[in-house]
Amino acid sequence: MPELPEIETFRRRFLRGDDDTPPLVGRSVVGVDLLWEKTLASPSPEEFEARIVGQSIDDIGRRGKYLLFHLSSDTLTIHLRMSGDLRVEADAAPVATHHRLLLNLDGGIRLAFNDTRKFGRVWLLADTATLLGKLGPEPLDDSFTPDLFSTRLQPRRRQIKPLLLDQRFLAGMGNIYTDEALHLTGLHPQTRASSLTWEQAACLWESIRQVLQEGIRRNGASIDWVYRGGEFQNYFQVYQRTGEPCYRCGTSIERIIVGQRSTHFCPQCQPKPG
DNA sequence: CACGAGACCTGTTCGC
DNA sequence: TGCGAACAGGTCTCGT
């Protein structure tokens, strides 16, 4: 799941707190329990524990799909990949199935990293530049303009969908929001990026921002049992709607594979070019 | 550079 | 009912 809106939802929840989650800023790390070694990308488990204990959470940020806990002297960087989840719970709570890393905080709570498929990764970094430096623009930043987007699209010959999923091209888009943005624009997912007119690029720019903002407003999308609270799944136009009628024209939504990813689109509203 | 295959993992759903 | 195949929100590496 976790794409930009879901990560942003975590960030806001941990910053402000909500009904069952207290704000995390200001709390310090008092202990660590690494339950699945590969979850920790760097440094070594020994160094991780020695360095992180005693640091406090000063702020919480996000870059693309990376969640950034800015600590006293390091940045705890987390990528949830396919099945990662973050839960704030009592530090005496039983350790749930698929918990991979526990960070005990002061005040009797802990931040638990739960990840069924074990793809998620955690880094403790003094400098995030190496890890984050190759990411493309932030789609919701003011600096991301239609002109910038169009200019970046122009030299690329790739199919538009895999290009939008390429985090070096644009940071934060995943399979759901890409399918939704292309449908909103009326672009076939296999359209060549370089073939887009400025107007089409500007329309896609608008659609990308619209679906991401809508996703954030709905607290992300909850599929299956993960990510309580998200509502955006109730507003999907094409994602996981194979065979169901397009809300705009009534044509059956189709599912094809593009760049090895499941892709949903309306063949009427998003005609294949050429 | 663009693209596809395979890897990394576990769990659920689908088809026969 | 059972069992294997297909599929899942992501990204990396390798070969062509």
Side-chain angles (χ1 to χ4, degrees), chain A residues 1-10 35-42 62-67 77-86 96-101 113-123 130-136 139 152-182 189-195 208 211-212 214-216 218-243 254-264:
Chain A
M1 124 193 212
E3 305 179 30
L4 186 154
E6 288 74 31
I7 306 305
E8 181 64 19
T9 299
F10 278 121
L35 302 158
W36 179 254
E37 281 222 12
K38 291 173 80 172
T39 293
L40 183 61
S42 79
R62 179 188 59 73
R63 178 78 172 92
K65 301 174 191 171
Y66 291 88
L67 188 61
T77 306
I78 300 179
H79 198 303
L80 301 177
R81 293 282 177 90
M82 291 288 266
S83 59
D85 190 13
L86 290 165
T97 314
H98 308 134
H99 271 9
R100 307 302 181 198
L101 173 65
F113 179 69
N114 184 284
D115 185 20
T116 304
R117 293 177 70 182
K118 300 177 176 174
F119 290 162
R121 291 294 181 268
V122 172
W123 299 255
T130 305
L131 186 64
L132 307 181
K134 289 175 181 168
L135 290 175
R152 286 175 69 80
L153 284 168
Q154 220 168 16
R156 308 306 297 269
R157 300 251 320 149
R158 295 177 72 182
Q159 299 175 328
I160 187 66
K161 169 155 179 179
L163 184 61
L164 292 177
L165 288 174
D166 186 337
Q167 302 299 298
R168 293 165 303 185
F169 179 76
L170 185 63
M173 296 292 283
N175 211 33
I176 294 176
Y177 293 91
T178 298
D179 280 4
E180 294 296 320
L182 288 171
Q190 291 176 303
T191 309
R192 295 284 158 186
S194 55
S195 78
I208 287 168
V211 297
L212 292 176
E214 177 77 351
I216 292 169
R218 305 285 179 193
N219 297 311
S222 314
I223 297 183
D224 303 329
W225 59 95
V226 190
Y227 305 104
R228 323 145 279 163
E231 292 290 332
F232 188 63
Q233 69 281 3
N234 300 323
Y235 302 88
F236 291 166
Q237 303 294 300
V238 287
Y239 188 77
Q240 285 190 344
R241 294 198 62 244
T242 309
E254 286 185 15
R255 176 182 174 276
I256 58 175
I257 303 296
V258 180
Q260 294 147 250
R261 303 302 300 278
S262 181
T263 299
H264 313 76

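Residue numbers start from 1 in every chain, and the chains themselves are labelled A, B, ... in the order their sequence lines are given, proteins ahead of strands.
Rounded to whole angstrom, the span from the CD atom of A:Gln240 across to the C1' atom of C:dA6 amounts to 14 Å. Atom pair A:Asp115:CG and C:dA8:P shows a separation of 18 Å (rounding to whole Å applied). Rounded to whole angstrom, the span from the CE atom of A:Met82 across to the P atom of C:dA6 amounts to 17 Å. One atom, CE of A:Met173, and another, C1' of C:dT11, lie 17 Å apart when rounded to the nearest Å. If you measure from atom NZ of A:Lys134 to atom C1' of C:dG10, you get 17 Å, rounded to the nearest angstrom. Put simply, CD1 on A:Ile256 is 19 Å from P on C:dA6, counting in whole angstrom units. For the pair A:Asp166 CG and C:dT13 P, the computed distance is 13 Å after rounding to whole Å. Protein atom CG of A:Asp85 is 15 Å distant from nucleotide atom C1' of C:dA8, rounded to whole Å.
For A:His99, the side-chain hydrogen bond (donor to acceptor under 3.5 Å, both in side chains) partners are A:Glu89, A:Asn114, not counting sequence neighbours. Judged as a ring pair (Phe, Tyr, Trp, His ring centres under 6.0 Å), and not counting sequence neighbours, the contacts of A:Tyr66 are A:His79, A:Trp123. Every residue two or more places apart in sequence or in another chain that forms a side chain to side chain contact (heavy atoms under 4.5 Å, CB included) with A:Arg152 is listed here: A:Pro137, A:Leu148, A:Phe169. For A:Pro162, the side chain to side chain contact (heavy atoms under 4.5 Å, CB included) test picks out A:Arg158, A:Gln159, A:Val258, with sequence neighbours left out. A:Arg117 is linked by a side-chain hydrogen bond (donor to acceptor under 3.5 Å, both in side chains) to nothing, counting only residues two or more places apart in sequence or in another chain. Shown here are the side-chain hydrogen bond (donor to acceptor under 3.5 Å, both in side chains) partners of A:Glu214, two or more places apart in sequence or in another chain: A:Arg217, A:Arg218. The side chain to side chain contact (heavy atoms under 4.5 Å, CB included) check on A:Gln260 picks up nothing, with sequence neighbours excluded. Residues that satisfy the side-chain hydrogen bond (donor to acceptor under 3.5 Å, both in side chains) test with A:Glu8, not counting sequence neighbours, are A:Arg11, A:Arg12, A:Arg62. Annotation: ring pair (Phe, Tyr, Trp, His ring centres under 6.0 Å) contacts of A:Tyr239 (sequence neighbours excluded): A:Phe236, A:His264.
One P atom belongs to C:dC12, the other to B:dC1, and the distance between them is 16 Å to the nearest Å. Taking atom P on both C:dA6 and B:dA5, the two are 14 Å apart, rounded to the nearest angstrom. Remark: the separation of the C1' atoms in B:dC9 and C:dG2 is 24 Å, to the nearest Å. Across B:dC8 and C:dC3, the matching P atoms stand 26 Å from one another, rounded to whole Å.
Once rounded to the nearest 0.5 Å, the distance linking CG of A:Asp115 with NZ of A:Lys38 reads 12.0 Å. Here A:Leu80 contributes atom CG and A:Ile7 contributes atom CD1; the two are 4.0 Å apart, rounded to the nearest 0.5 Å.
The shortest distance between the side-chain N/O atoms of A:His79 and the OP1/OP2 oxygens of C:dT11 is below 4.0 Å. Contact between the side-chain N/O atoms of A:Gln167 and the OP1/OP2 oxygens of C:dT11 is found at a separation under 4.0 Å.
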Base-pair map of DNA chain C as dot-bracket, where | denotes pairing with a different strand and pairs are Watson-Crick or G-U under 3.5 Å: .|||||||.|||||||
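For the pair A:Lys65 and A:Ser262, both in contact range of DNA chain C, the more 5′-proximal nearest nucleotide belongs to A:Ser262.
Heavy atoms of A:Arg255 sit under 4.0 angstrom from primed sugar atoms or phosphate atoms, though from no base atom.
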Using nucleotides 8-10 of chain B, report all nitrogen or oxygen pairs with the protein that are shorter than 3.5 Å.
unit_1 : atom_1 : unit_2   : atom_2 : d
B:dC9  : OP1    : A:Lys38  : NZ     : 2.3
B:dC9  : O4'    : A:Arg117 : O      : 3.4
B:dC9  : O2     : A:Arg117 : NE     : 2.8
B:dC9  : N3     : A:Arg117 : NH2    : 3.2
B:dT10 : OP1    : A:Lys118 : NZ     : 2.6

Sequence-aligned protein contact record of nucleotides 1-7 of chain B, with B where the base is within under 4.0 Å of a protein heavy atom and S where only the sugar-phosphate is: -SSBB--
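The two residues A:Val211 and A:Phe232 have their closest heavy-atom pair at O-CZ, 4.2 Å.
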